[in-house]
Amino acid sequence: MLTLASKLKRDDGGKTGRASGASDSTHRVSIRDRLLTKEVAELEANLPSTCKANFPDEDKLHHFQLAVSPDEGYYQSGRFQFEIDVPEAYNMVPPKVRCLTRIWHPNITENGEICLSLLREHSIDGTGWAPTRTLKDVVWGLNSLFTDLLNFDDPLNIDAAEHHLRDKEDFRNKVQEYIKHYAR
């Protein structure tokens, strides 16, 4: 994060010292990257204790991974990896998020698709993405999928939700089996 923030400062500070023939387009930093510099600093200061963000390339804040390790509920003791890609049109459109860990969850498919209302670009109920939302909202939302936002009534993975309705204990056992094999 410090690398991109330093680059932004250098670019802002060096504008007046450019030669008249220098191209502005080679030195511009996108609005998305300016927003992300601020949002990542805020995110790191307010990250839930059960989450850890990993930025493989500190110059590319628009692509990172998030590990969620729930400390309560069905998914306790698991470590679930998410990949977050922030598109160039951010913050007018939501980040693209995918779960990299195979999981038995009513709101996450086994191939990583996620049902979280704030990640919807268009939402009838008004809970979808809005330009006022931030990465912090996304991270807290993903973290909450394992606790208070765990939703069996409006599932993406219908089989997991029906399994829970049929036999809660067997559902718990299957979740733990998935954690044992995929989420350690």
Side-chain angles (χ1 to χ4, degrees), residues 1 4 30 32-33 35-37 39-40 42-44 46-71 73-123 125 127-131 133-164 171 174-184:
M1 281 51 65
L4 184 57
S30 72
R32 173 198 65 186
D33 289 344
L35 283 170
L36 290 178
T37 301
E39 286 188 24
V40 167
E42 179 188 348
L43 173 66
E44 288 179 330
N46 297 292
L47 203 59
S49 62
T50 54
C51 295
K52 182 174 179 358
N54 176 33
F55 293 84
D57 184 343
E58 291 185 356
D59 284 331
K60 296 180 180 175
L61 299 181
H62 60 275
H63 179 79
F64 67 99
Q65 290 187 348
L66 177 74
V68 178
S69 301
D71 58 4
Y74 289 119
Y75 300 93
Q76 184 176 2
S77 79
R79 181 180 169 97
F80 304 95
Q81 296 286 336
F82 294 88
E83 181 177 67
I84 301 173
D85 283 304
V86 182
E88 192 64 41
Y90 181 81
N91 66 351
M92 297 307 291
V93 297
K96 305 292 182 211
V97 182
R98 194 169 67 89
C99 184
L100 302 175
T101 308
R102 192 163 175 205
I103 185 171
W104 189 243
H105 192 290
N107 310 115
I108 303 172
T109 65
E110 288 184 82
N111 60 354
E113 297 171 76
I114 299 166
C115 178
L116 182 61
S117 61
L118 70 88
L119 293 175
R120 291 187 198 134
E121 194 167 342
H122 304 288
S123 177
D125 61 5
T127 60
W129 186 258
R133 295 198 183 270
T134 65
L135 285 180
K136 184 176 82 170
D137 298 320
V138 173
V139 168
W140 281 86
L142 291 170
N143 187 58
S144 294
L145 279 177
F146 297 98
T147 55
D148 54 327
L149 290 183
L150 183 62
N151 186 350
F152 294 98
D153 298 325
D154 185 21
L156 182 60
N157 182 343
I158 296 169
D159 293 337
E162 288 176 350
H163 186 188
H164 180 264
F171 175 83
K174 187 164 184 172
V175 166
Q176 289 304 309
E177 195 64 32
Y178 270 58
I179 288 172
K180 181 180 171 186
H181 289 341
Y182 308 112
R184 291 283 179 192

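Throughout, residue positions are numbered sequentially from 1 according to the sequence presented. It should be emphasised that the depicted structure is a prediction, and the values quoted were computed from it without experimental measurement.
At a threshold of 4.5 Å between non-hydrogen side-chain atoms, the residues Leu156 and Pro106 do not count as touching. Using a 4.5 Å heavy-atom cutoff, the side chains of Val138 and Val97 are in contact. Residues Ile84 and Gln65 are not in side-chain contact: their nearest non-hydrogen atoms beyond the backbone lie 4.5 Å or more apart. Residues Phe55 and Leu61 have side chains in contact (heavy-atom distance under 4.5 Å, counting atoms from C-beta outward). Contact check for Leu47 versus Glu44: no side-chain heavy atoms found under the 4.5 Å cut-off. Side chains of Ile114 and Thr109 form no contact here, defined as non-hydrogen atoms less than 4.5 Å apart. In this structure, the side chains of Pro95 and His62 stay at 4.5 Å or more apart for every pair of heavy atoms.
Residues meeting the side-chain contact (heavy atoms from CB on, under 4.5 Å) test with Asp57, sequence neighbours left out: Asp59, Lys60. Partners of Ser117 by side-chain hydrogen bond (donor to acceptor under 3.5 Å, both in side chains), not counting sequence neighbours, listed by chain and number: Thr127. Residues satisfying the side-chain hydrogen bond (donor to acceptor under 3.5 Å, both in side chains) test with Thr147, not counting sequence neighbours, are none. The salt bridge (charged side-chain N to carboxylate O under 4.0 Å, His left out) search around Glu83 returns Arg98, not counting sequence neighbours. Among residues two or more places apart in sequence or in another chain, the side-chain hydrogen bond (donor to acceptor under 3.5 Å, both in side chains) test is passed with Glu42 by Lys136. Residues that satisfy the side-chain hydrogen bond (donor to acceptor under 3.5 Å, both in side chains) test with Ser69, not counting sequence neighbours, are absent from this structure. In this structure, the salt bridge (charged side-chain N to carboxylate O under 4.0 Å, His left out) partners of Glu110, at least two apart in sequence or on a different chain, are Arg102. Here Tyr74 pairs with His164, Phe171 under the ring-ring contact (aromatic ring centres under 6.0 Å, His included) rule; sequence neighbours left out.
Judged purely by atom type and a 3.5 angstrom limit, Asn107 uses its side chain to pair as donor or acceptor with the backbone of Asn151. The backbone N or O of Thr134 sits less than 3.5 Å from a side-chain atom of Asp137, completing a donor-acceptor pair.
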With side chain to side chain contact (heavy atoms under 4.5 Å, CB included) as the test, would you mind laying out the steps for Trp140 and Leu118 before giving the verdict? CA-CA 11 Å; Trp140 281 86; Leu118 70 88; over 6 Å; no
Could you walk me through whether Phe80 and Phe146 pass the ring pair (Phe, Tyr, Trp, His ring centres under 6.0 Å) test, one step at a time? CA-CA 10 Å; Phe80 304 95; Phe146 297 98; 4.9 Å; yes
Working for side chain to side chain contact (heavy atoms under 4.5 Å, CB included), residues Gln176 and Ser77: CA-CA 9 Å; Gln176 289 304 309; Ser77 79; 3.8 Å; yes
Can you give the donor-acceptor pairs under 3.5 Å from side chains of residues 85-94 to other protein atoms, not counting sequence neighbours?
from, atom 1, to, atom 2, distance (Å)
Asp85, OD1, His63, ND1, 2.3
Glu88, OE1, Arg32, NH2, 3.3
Glu88, OE2, Ser30, OG, 3.2
Tyr90, OH, Glu39, OE1, 2.4
Tyr90, OH, Glu39, OE2, 3.0
Tyr90, OH, Leu135, N, 3.4
Asn91, ND2, Pro131, O, 2.9

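Rounding to the nearest 0.5 angstrom, the gap separating the OG atom in Ser49 from the CG atom in Asp71 is 5.5 Å. Interatomic distance, His163 NE2 to Phe152 CZ, rounded to the nearest 0.5 Å: 10.5 Å.
Phe64 approaches Asn54 most closely through the heavy-atom pair CB-O, 3.3 Å. In this structure, Cys51 and Leu66 approach most closely via the heavy-atom pair CB-CD1, 3.9 Å.
Defined by atom type and a distance below 3.5 Å, a donor-acceptor pair is present between the side-chain atoms of Thr50 and Asn143.
Remark: aromatic rings of His105 and Tyr75 are close, center separation under 6.0 Å.
For the salt bridge (charged side-chain N to carboxylate O under 4.0 Å, His left out) condition, no pair includes a residue of residues 141-163, sequence neighbours left out. Applying the salt bridge (charged side-chain N to carboxylate O under 4.0 Å, His left out) test to pairs two or more places apart or on separate chains, none has a residue in residues 175-184.
Residue Leu145 is tested with Ile103, Leu116, Val68 for a side-chain contact (heavy atoms from CB on, under 4.5 Å); the sole match is Leu116.
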